[in-house]
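These numbers were taken from a predicted model, which means no experiment stands behind them.
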Amino acid sequence: MADTTRIEFYFDCASAFSYIGFEFMEKYRALWNIQVDYRPFVLEKVMANAQNSFSPFKLPHLFQDLRRTSSITGIPFKGIPAQYPYDPIIALRTLQFIKTHHAEKLPEAMRKLWLMEYVERRAPRSISDVKQALQGVVDESLVDQAMALADTLEAVDANTARITELKGFGAPTILAYREGSDKPQLFFGSDRFEHLAIYLEREFHPMRQLFANAKL
C-alpha cells in the first residue's frame, strides 16, 4: 500500500520566511520522499483575521534571523526590496496557474520569484516583474493567462480561507497528515522542521548538515 503521508505548505511570495521554509521543505521533500502540496495564500488577510501585527521592535530581529540562516545554509538572502510590503497577488495567481497546468515547474518558479525579491531586492509586484522573474522557467504569456482566469484568484482565496478557518496567523503554515489520517497537524514557521520530523517519524538534520551535504 502506498504511503499516504503528505504535507500542505501554505506560502506567500511577500514572506521571507516562506522563502526560507520552502528551501528547507525542498530538502526534506527529497529526503523523506514525501508528497508536498505548495499552496499560495494571502498572508496579509490571514494576519488581519488573526489581529497579528509586527512590532517595530521585532522586525530588526527577524531580519537578523534571516541573515543568520542565510550564512549557515547558503540560502541566498541580501535583504528586502525597497518597495516592501507590496501586493503579491499577481505572483500568487501566476504560481497557482503553474501549479494547475505545469506542476513540475512550480518549485523553480517559486524560487525565481523569491530570488528577485530577496537577492535582487526587487518586488515582483507587476505583470512585467513576474514575467521577468520567470524567464527561462515558463513562457511569459502564461502570466497573462493566469491573470485572465478568475479561477486562479478563487483558488488563492480558497487557500487563504482554509488557513483562516484553522486560525492560522502567519507564513509559512504547514499542515501535516500522517499516514491513513485526514486530520492535519498545523505547524507554523520556517524553523519547525524538527517538530515536523518527529510528528511524521522522519529523519531530521540540523540546518548546517542539511545544506552542507549535497546528497540531502
Side-chain angles (χ1 to χ4, degrees), residues 1-52 65 69 73 75 88 92-93 95-111 114 151-207 209-211 213 215-216:
M1 180 180 293
D3 189 348
T4 58
T5 304
R6 60 190 176 90
I7 288 171
E8 294 171 2
F9 184 101
Y10 293 80
F11 69 93
D12 190 323
C13 295
S15 160
F17 286 98
S18 287
Y19 164 46
I20 297 297
F22 161 78
E23 294 294 356
F24 276 81
M25 189 75 265
E26 280 294 278
K27 286 286 189 180
Y28 282 113
R29 181 166 72 101
L31 181 64
W32 296 343
N33 189 29
I34 195 170
Q35 176 186 343
V36 178
D37 183 1
Y38 290 114
R39 299 191 176 194
F41 79 145
V42 181
L43 175 60
E44 183 179 16
K45 292 182 179 179
V46 168
M47 291 182 65
N49 180 73
Q51 300 181 14
N52 180 18
D65 281 346
T69 302
T73 62
I75 296 171
L92 296 174
R93 290 179 65 178
L95 291 173
Q96 179 62 44
F97 185 90
I98 294 172
K99 174 183 174 178
T100 302
H101 299 280
H102 306 279
E104 75 284 356
K105 296 182 178 181
L106 179 60
E108 186 60 18
M110 294 165 65
R111 181 178 287 118
W114 276 318
D151 61 5
T152 59
L153 180 58
E154 291 167 359
V156 172
D157 284 344
N159 292 338
T160 305
R162 169 69 167 151
I163 299 306
T164 298
E165 291 166 2
L166 292 173
K167 296 182 172 61
F169 54 89
T173 296
I174 300 170
L175 302 184
Y177 296 79
R178 283 175 167 165
E179 183 175 5
S181 174
D182 60 357
K183 294 182 179 180
Q185 184 81 15
L186 188 151
F187 297 84
F188 163 71
S190 61
D191 56 353
R192 297 296 191 269
F193 284 93
E194 184 172 8
H195 296 190
L196 188 60
I198 291 170
Y199 179 72
L200 296 177
E201 299 181 332
R202 293 297 205 274
E203 184 178 0
F204 173 76
H205 295 275
M207 67 173 72
Q209 179 183 349
L210 182 70
F211 283 85
N213 190 337
K215 293 182 180 180
L216 296 179

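In this structure, the separation between OG on S18 and OH on Y38 is 11.0 Å, given to the nearest 0.5 Å. Between R93 atom CZ and D151 atom CG the span is 8.5 Å, to the nearest 0.5 Å. The line from CG of N159 to CG of L92 is 9.5 Å long, rounded to the nearest 0.5 Å.
In this structure, the side chains of I7 and L196 come closer than 4.5 Å at one or more pairs of heavy atoms.
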Verdict with supporting geometry, T164 and K45, side chain to side chain contact (heavy atoms under 4.5 Å, CB included): CA-CA 8 Å; T164 298; K45 292 182 179 179; 5.7 Å; no
Test ring-ring contact (aromatic ring centres under 6.0 Å, His included) applied to F11 and F22, step by step: CA-CA 8 Å; F11 69 93; F22 161 78; 7.8 Å; no
Test side-chain hydrogen bond (donor to acceptor under 3.5 Å, both in side chains) applied to Q35 and Y177, step by step: CA-CA 10 Å; Q35 176 186 343; Y177 296 79; over 6 Å; no
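Using a 4.0 Å cut-off between charged side-chain N and carboxylate O, R162 and D37 make no salt bridge. Salt bridge annotation for R111-E108: present, with a cationic side-chain nitrogen under 4.0 angstrom from a carboxylate oxygen.
Put simply, the side chain of T100 gets close to the backbone of Q96: a donor and an acceptor are under 3.5 Å apart. The main-chain N or O of A16 is never found under 3.5 Å from a side-chain atom of W114 such that the two would form a donor-acceptor pair.
Enclosure of atom CD in E104 by more than 12 non-hydrogen atoms of other residues, nucleotides or ligands within 6.0 angstrom is indicated.
Both the sub-6.0 Å distance and the 45° axial angle are satisfied by K27 relative to the ring of F211.
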